[in-house]
Amino acid sequence: MKITDKFSLDGKVALVTGAAYGIGLAIARALAEAGARIVFNCSRQETIDRGLKAYAELGIDARAYLCDVTDECAVKEMVADIERNVGTIDILVNNAGIIKRIPMEEMNVEDFRRVIDVDLVAPYICAKAVIPGMIRKGHGKIINICSMMSELGRETVSAYAAAKGGLKMLTRNICSEYGAANIQCNGIGPGYIATEQTAPLRELQPDGSRHPFDSFIISKTPAGRWGDPEDLMGPAVFLASDASDFVNGQILYVDGGILAYIGKQPK
Ligand code: NAP
Ligand code: GCO
């Protein structure tokens with residue numbers, strides 16, 4: 001097989017959760033351009049509509065489901081409908097996620113639990129729903145969208161860091177439990193990416209200057225910039241394709257080098 005054929009997703013069915021915009025849309029676009037049939041879900045009809053418009057403008061015939069990933073019954077129904085009407089899911093990208101930036105001592109437990117539910121329990125629910133079909137098919141790819149917060153903490157993101165740290169270990173455990181069924185489960189750990197989720201961290205100040213956190217990230221990132229969702233497209237195709245069949249349980253950090261860098265030395 002030619003090496004370029006190993007990156008082909010022709011004939012594959014990919015479910016990308018929460019992929020109406022942002023990182024999920026970019027990853028789904030990449031998988032589509034590599035040949036996959038795209039299915040996505042969101043929890044709000046207006047987001048579904050926004051996503052379908054975006055895919056149509058990209059020339060991608062995506063199928064959409066209104067489904068909250070924390071609702072196991074709804075996820076099982078969605079997966080069953082996909083298997084009936086599109087085909088068995090070959091690739092699952094657990095992308096749907098939320099963040100609540102609240103100092104831990106001020107965060108109520110309901111908010112903490114909601115972040116854990118969406119960012120950790122839901123990837124378990126979705127993986128559990130697609131694994132039987134992958135086992136029947138004899139192969140599968142699960143990609144969990146982790147985070148720098150799978151490795152590092154920072155103020156106000158206790159629930160998110162706990163969830164993304166757990167998602168790193170869930171990734172390793174799915175690898176351990178299902179590697180023998182030829183299912184590869186890996187993570188992508190984006191650095192700081194310019195999406196709606198991080199928009200508050202990049203808001204211009206009243207005087208027109210950069211947000212202090214924006215300047216902080218620029219200084220902490222060797223690439224000297226925020227990531228773009230498009231920076232995740234190649235890594236996603238790699239982990240979704242035959243090219244990564246012997247890669248399992250790994251987190252591929254796509255972060256411009258931030259995790260490797262202690263930070264600019266004082267002048
Ligand atoms: P985003 O712009 O906030 O988009 C999140 C998407 O998830 C939306 O389409 C949203 O649609 C969907 N979603 C949220 N809750 C859902 C639920 N309960 N059920 C189904 N869909 C749900 O986020 P993003 O920046 O693209 O991030 C995508 C993923 O990458 C997340 O897991 C995030 O933690 C991770 N990540 C982001 C960054 C970054 O810097 N942006 C870095 C590392 C990791 P609805 O609201 O309509 O459901
Ligand atoms: C934050 C940011 C980060 C990014 C991402 C970094 O408030 O620190 O939202 O958490 O979303 O997860 O990898």
Side-chain angles (χ1 to χ4, degrees), residues 15-29 39-52 54-55 62 64-72 74-75 78 93-103 113-123 125-126 143-168 170-171 187-203 211 213-214 216-217 220-221 225-233 235-236 251-259:
L15 169 60
V16 186
T17 66
Y21 48 82
I23 287 172
L25 174 62
I27 287 177
R29 182 182 143 210
V39 185
F40 77 100
N41 70 294
C42 291
S43 67
R44 293 175 295 154
Q45 187 59 49
E46 61 265 33
T47 320
I48 293 280
D49 297 343
R50 173 180 172 185
L52 285 171
Y55 286 106
Y65 288 83
L66 182 62
C67 174
D68 181 332
V69 288
T70 64
D71 179 342
E72 185 172 29
V75 168
M78 171 177 68
V93 180
N94 278 313
N95 167 78
I98 61 171
I99 192 168
K100 293 182 187 289
R101 301 182 182 94
I102 305 167
R113 283 202 176 105
R114 183 62 185 167
V115 174
I116 297 289
D117 258 355
V118 177
D119 294 2
L120 178 56
V121 178
I125 287 172
C126 294
I143 301 169
N144 293 323
I145 306 302
C146 296
S147 161
M148 277 181 49
M149 275 49 219
S150 298
E151 301 294 341
L152 301 173
R154 81 171 186 87
E155 300 83 356
T156 77
V157 296
S158 58
Y160 184 83
K164 293 297 188 179
L167 187 56
K168 172 175 73 174
L170 178 64
T171 300
I188 289 176
Y192 279 85
I193 312 295
T195 70
E196 293 179 15
Q197 190 245 54
T198 55
L201 306 173
R202 291 177 282 106
E203 274 169 3
H211 190 296
F213 195 88
D214 181 357
F216 170 67
I217 290 305
K220 286 284 281 181
T221 307
R225 67 174 174 88
W226 285 69
D228 192 286
E230 280 66 26
D231 288 316
L232 299 163
M233 293 173 72
I251 312 299
L252 177 55
Y253 286 99
V254 185
D255 66 356
I258 193 170
L259 277 175

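Throughout, residue positions are numbered sequentially from 1 according to the sequence presented. Predicted model, so just to flag it, every value in this text is computed and none were measured. Read the numbers this way: they start at 1 and go in the same order the structure lists the ligands and their atoms.
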- Message: Tell me the protein heavy atom at minimum distance from atom 17 (C) of ligand 1, and give that distance in Å.
- Response: Val69 CG2, 3.7 Å
- At a 4.0 Å threshold, what atoms of ligand 1 neighbour a non-hydrogen atom of Pro190? 42 (C), 43 (C), 44 (C)
- Query: Of all the non-hydrogen atoms in the protein, which one sits nearest to atom 9 (O) of ligand 2, and at what distance?
  - Reply: Arg101 NH2, 2.7 Å
- Message: Within the 4.0 Å heavy-atom shell around Met148, which atoms of ligand 2 are there?
- Response: 13 (O)
- Message: I need the atoms of ligand 1 closer than 4.0 Å to a non-hydrogen atom of Gly191, numbered in the order shown.
- Response: 40 (O), 42 (C), 43 (C)
- Query: If we only count N/O pairs under 3.5 Å, is Ser147 in contact with ligand 2?
  - Reply: yes
- Query: Any chance CZ of Arg101 has more than 12 other-residue heavy atoms, nucleotides or ligands included, within less than 6.0 Å?
  - Reply: yes
- Message: Out of all atoms in ligand 1, which are within 4.0 Å of some heavy atom of Asn41? Include the element for each.
- Response: 20 (C)
- Does atom CD of Glu46 have more than 12 heavy-atom neighbours from other groups under 6.0 Å away? yes
- Task: Could you check which of Ala161, Gly191, Gly153 puts a non-hydrogen atom nearest to atom 6 (C) of ligand 2?
- Result: Gly191
- Task: Work out whether the distance between some heavy atom of Arg50 and some atom of ligand 1 is less than 4.0 Å.
- Result: no
- Nearest non-hydrogen protein atom to atom 3 (C) of ligand 2, with distance, is Tyr192 CE2, 3.4 Å
- Is there any N or O on Tyr160 that sits under 3.5 Å from an N or O of ligand 1? yes
- Message: Donor-acceptor check, side chain of Thr156 to backbone of Pro103, threshold 3.5 angstrom: yes or no?
- Response: no
- Item | Exam field: side chain Asn95 to backbone Val16, donor-acceptor pair closer than 3.5 Å | no
- Query: Do Gly24 and ligand 1 have an N or O pair less than 3.5 Å apart?
  - Reply: no
- Gln197 and ligand 2 - part of the residue with a heavy-atom distance under 4.0 Å: side chain
- Which of the numbered atoms in ligand 1 are below 4.0 angstrom from a heavy atom of Arg114? 18 (N)
- Query: Does even one non-hydrogen atom of Asn95 get within less than 4.0 Å of ligand 1?
  - Reply: yes
- Task: Examine ligand 1 and decide if any of its atoms is less than 4.0 Å from a heavy atom belonging to Cys146.
- Result: yes
- Between Ile99 and ligand 2, which part of the residue brings a heavy atom under 4.0 Å of the ligand: side chain, backbone, both or neither? side chain
- Message: Under 4.0 Å from a heavy atom of Gly18: which atoms of ligand 1 are those, numbered in the order shown and with their elements?
- Response: 6 (C), 7 (O), 8 (C), 9 (O), 12 (C), 21 (N)
- Proximal ligand 1 atoms for Gly22, defined as those under 4.0 Å from one of its heavy atoms: 26 (O)
- Task: Taking only Lys NZ, Arg NE, NH1 and NH2, and the carboxylate oxygens of Asp or Glu, determine whether Arg50 and Glu196 approach each other closer than 4.0 Å.
- Result: yes
- What is the nearest protein non-hydrogen atom to atom 11 (O) of ligand 1, stated with its residue, atom name and distance? Thr47 CG2, 3.6 Å
- Message: Check contact between Glu46 and ligand 1, using heavy atoms of the residue and a distance below 4.0 angstrom.
- Response: no
- Please state which part of Asp255 comes within less than 4.0 Å of ligand 2, counting heavy atoms only: side chain, backbone, both or neither. neither
- Just which atoms of ligand 1 are under 4.0 Å from any heavy atom in Ile98? 14 (C), 15 (N)
- Test of ring centre spacing under 6.0 Å for Tyr55 and Phe40: yes
- Distance filter under 4.0 Å to Cys67 heavy atoms, resulting ligand 1 atoms: 19 (N), 20 (C)
- Message: Do the side chains of Asp231 and Arg225 get close enough for a salt bridge, i.e. N-O under 4.0 angstrom?
- Response: yes
- If you measure from the Lys or Arg side-chain nitrogens to the Asp or Glu carboxylate oxygens, is any gap between Arg114 and Asp68 under 4.0 Å? yes
